[in-house]
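As structure tokens, the structure follows; a few thoughts come after it.
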Amino acid sequence: MTAPRLDFRLLKVGHCTHPECVAMRGGRWASMMFPALCGLLQHPTRGWILFDTGYSNHFIEATRQFPERMYRWITPLSLPPEETLLAQLQASGITAGDIRHVVISHMHGDHIAGLRDFPNASFITMRAEHETMQRKSRIGGLLHAFLPALMPDDFAQRVMYVEDTAGHALPAECRPFERGYDIFGDGSMLAIPLPGHSRGQLGIVFRQRDDRQVFMVGDACWSNISLQQDRPPTWLARRIFDSAGDYARTFHQLQQIAAHAHSPQLIPSHCVQTWNSYRDETA
Ligand SMILES: [Zn+2]
């Protein structure tokens with residue numbers, strides 16, 4: 001039985017700016033744009049699903065005071081009203097209540113800022129990620145880009161951990177990754193652990209209706225160019241990472257996928273080239 005195909009749209013929900021030379025070895029000192037990209041997916045029976053939420057006005061609230069304000073100083077953000085996730089969904093005739101699931105790549109503020117906006121959604125994440133966030137102090141968490149104020153009060157009642165779902169062999173195109181988790185039990189969306197940037201980061205692999213395969217990789221790398229040219233982030237950026245060693249291993253595994261002739265389309269959450277080409281293709 002073939003796994004259900006998903007409708008997929010890539011959305012940019014705000015962006016921040018940061019010097020290129022921090023994000024990529026050999027980059028320029030000039031600031032570059034880091035779009036906050038999310039996936040909007042529709043499953044034939046599970047309905048509307050988000051992969052991450054990008055920025056939201058909750059992020060601005062949560063970083064109004066010191067010390068959380070430092071997060072916004074380091075990565076100044078832009079979120080025009082028409083670019084909020086709620087506004088973009090509404091423009092497509094989708095209400096906040098229509099979103100049934102939010103898959104969370106990892107719990108950094110720029111990925112979960114919109115969780116509070118989706119009252120009917122279950123949250124799908126790795127237990128390892130949630131537990132790591134819960135263990136951190138206010139300052140310790142902030143230094144790793146966690147903002148607990150963004151978490152819905154009833155998160156614990158609505159979370160589903162991928163570690164509790166069935167293991168699933170991954171398609172050959174995803175080698176060297178071999179096993180993932182079958183989020184919906186029908187093979188339509190497979191979660192792949194991508195540790196390093198954060199402890200319990202996950203990516204998702206799925207096929208679109210036209211059969212094209214997509215692998216959303218969160219912050220396991222910040223651009224496809226960095227994979228192709230072997231230019232990982234510098235030590236400055238690595239300081240927020242959970243483990244530089246795990247990051248390097250995951251980065252190298254993604255490089256091997258990118259080198260396949262029939263590799264899935266890799267979508268890093270902040271890749272400006274991916275966003276520009278997606279926008280041009282769908283314009
Ligand atoms: Zn991020």
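Both ligands and their constituent atoms are indexed starting at 1 by order of listing.
When the Zn ion (ligand 1) is compared with the N/O/S atoms of D110, atom OD2 turns out nearest. Of all the N, O or S atoms in D219, the one closest to the Zn ion (ligand 1) is OD2.
Between L37 and K12, some side-chain heavy-atom pair lies under the 4.5 Å cut-off.
For the atom pair L77 CG and R72 CZ, the distance stands at 6.5 Å (nearest 0.5 Å).
Here H108 fails the criterion, with no N, O or S atom under 2.8 Å of the Zn ion (ligand 1). For residue H197, no N/O/S atom approaches the Zn ion (ligand 1) to within less than 2.8 Å.
Ring centroids of F59 and Y71 are separated by less than 6.0 Å, placing the two rings close together. You'll find the ring centres of H43 and H101 outside the 6.0 Å limit.
Between H111 atom NE2 and H270 atom NE2, the angle centred on the Zn ion (ligand 1) amounts to 100° (nearest 10°).
Checked for salt-bridge contact, E61 and R116 miss the test: no charged N lies under 4.0 Å from a carboxylate O.
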